[in-house]
Amino acid sequence: MTNNYWLLKSEPDTFGIEDLAAAPKRTTRWDGVRNFQARNMLRDSIAKGDRAFFYHSSCEIPGIAGIVRIAKAGYPDPSAFDPKNHYYDPDSAKYGADAPRWYALDVTLERKFKRVIRLDELRAHAGAALADLVILRRGNRLSVTPVSKKEWDFVLTLE
DNA sequence: GCCAACGTTGGC
DNA sequence: GCCAACGTTGGC
């Protein structure tokens, strides 16, 4: 499966769009994904040059804060091999260098929205234009989800 | 802080 | 391979 548009979740208390704006070259490593479904997308589907919504989760105003571009496609996540890292995975090593368990991306901030497009605004369109938006589905917890071109374009009209 | 939803683990 | 227990996510 390939797709050109995605949505990436981040907790702004840990790393928000302001942090990305302040990062060198407005670029950061997107690491620490420890879910197999999300991992598969990082590894197999997300390509350099694809774009993604930067979504703020677990915060006062959940919603889409801006757009990032994939600066580097999926590569083995170094944090999985670093015992001092919060995301260290002791089982990772046994998968071997040719079949890493976890993957990371590099993303560059393309632009911050003038305002956050809030989750409740997105949900207001769940009966129509955004009926299939994955993050609006019940119980969805994936930190990486695909977005269709139709959904992408529609969200941009909400800004 | 609560709790629903869901993924992962491990005993059997 | 089943499934209970456990951990995590994330909105509220």
Side-chain angles (χ1 to χ4, degrees), chain A residues 1-3 5-21 23 28-46 50-68 70 74-107 109 112-148 151-152 154-159:
Chain A
M1 178 191 75
T2 63
N3 196 56
Y5 302 99
W6 308 91
L7 183 144
L8 301 174
K9 287 185 193 172
S10 186
E11 301 186 14
D13 292 344
T14 305
F15 191 89
I17 201 158
E18 300 297 344
D19 298 301
L20 183 53
T28 194
R29 173 179 291 153
W30 198 276
D31 62 4
V33 172
R34 296 292 180 268
N35 170 284
F36 289 104
Q37 234 182 308
R39 186 282 309 270
N40 292 346
M41 285 187 270
L42 297 182
R43 188 188 58 191
D44 305 330
S45 305
I46 305 182
D50 285 357
R51 287 190 289 172
F53 289 133
F54 191 112
Y55 181 88
H56 283 172
S57 68
S58 292
C59 59
E60 196 177 347
I61 307 173
I64 299 171
I67 295 172
V68 299
I70 308 306
Y75 58 93
D77 183 348
S79 70
F81 300 104
D82 176 5
K84 292 189 297 291
N85 193 286
H86 174 68
Y87 296 111
Y88 175 59
D89 174 13
D91 290 339
S92 222
K94 71 185 178 200
Y95 286 76
D98 51 344
R101 195 181 201 192
W102 303 118
Y103 281 72
L105 298 169
D106 289 354
V107 302
L109 180 63
K112 210 183 93 174
F113 285 163
K114 297 181 196 76
R115 61 184 196 86
V116 173
I117 301 172
R118 301 186 315 275
L119 177 60
D120 60 2
E121 293 178 73
L122 299 171
R123 194 163 276 146
H125 300 278
L130 299 180
D132 297 320
L133 191 68
V134 179
I135 57 154
L136 298 182
R137 285 190 206 148
R138 224 164 99 90
N140 166 71
R141 300 179 311 166
L142 280 182
S143 59
V144 180
T145 53
V147 173
S148 73
E151 291 160 347
W152 181 273
F154 181 81
V155 167
L156 293 180
T157 69
L158 299 176
E159 185 185 6

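In what follows, chains carry the letters A, B, and so on, assigned in the order in which the sequence lines appear, proteins first and then strands, with residues in each chain numbered from 1.
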Measure distances between side-chain N and O atoms of A/R141 and base N and O atoms of C/dT8, and say whether any donor-acceptor pair falls under 3.5 Å.
yes
A/Q37, CD atom: more than 12 neighbouring heavy atoms under 6.0 Å:
no
Distance in angstrom units between [X] [atom1] and [N] [atom2], rounded:
{"X": "A/E121", "N": "C/dG11", "atom1": "CD", "atom2": "P", "answer": "15 Å"}
{"X": "A/R123", "N": "C/dG11", "atom1": "CZ", "atom2": "C1'", "answer": "7 Å"}
{"X": "A/D120", "N": "C/dC12", "atom1": "CG", "atom2": "C1'", "answer": "12 Å"}
{"X": "A/N140", "N": "B/dC6", "atom1": "CG", "atom2": "P", "answer": "9 Å"}
{"X": "A/R39", "N": "B/dG7", "atom1": "CZ", "atom2": "P", "answer": "15 Å"}
{"X": "A/L136", "N": "C/dG10", "atom1": "CG", "atom2": "C1'", "answer": "14 Å"}
{"X": "A/F36", "N": "B/dC6", "atom1": "CZ", "atom2": "P", "answer": "19 Å"}
{"X": "A/I61", "N": "C/dG11", "atom1": "CD1", "atom2": "P", "answer": "13 Å"}

Does C/dT9 have OP1 or OP2 under 4.0 Å away from a side-chain N or O of A/K9?
no
So, does A/Y55 get its side chain near the phosphate of C/dG11, meaning an N or O under 4.0 Å from OP1 or OP2?
yes
Over 60° means perpendicular and under 30° means parallel, so tell me whether A/F54 and A/W30 are parallel, tilted or perpendicular.
perpendicular
Given the side-chain rings of A/F36 and A/W102, with only the six-membered ring counted for Trp, is the space between their centroids under 6.0 Å?
yes
Classify A/R138 by what it touches in the nucleic acid, base, sugar-phosphate, or nothing, heavy-atom distance under 4.0 Å.
sugar-phosphate
By the 4.0 Å heavy-atom rule, please label A/R118 as base, sugar-phosphate, or nothing.
nothing
Taking only the side-chain heavy atoms of A/R101 (C-beta and beyond), determine which of B/dT8, B/dT9, C/dG11 contains the nearest atom.
B/dT9
Quick one: do A/D77 and A/R34 satisfy salt bridge (charged side-chain N to carboxylate O under 4.0 Å, His left out)? Show the steps, please.
CA-CA 10 Å; A/D77 183 348; A/R34 296 292 180 268; 3.0 Å; yes
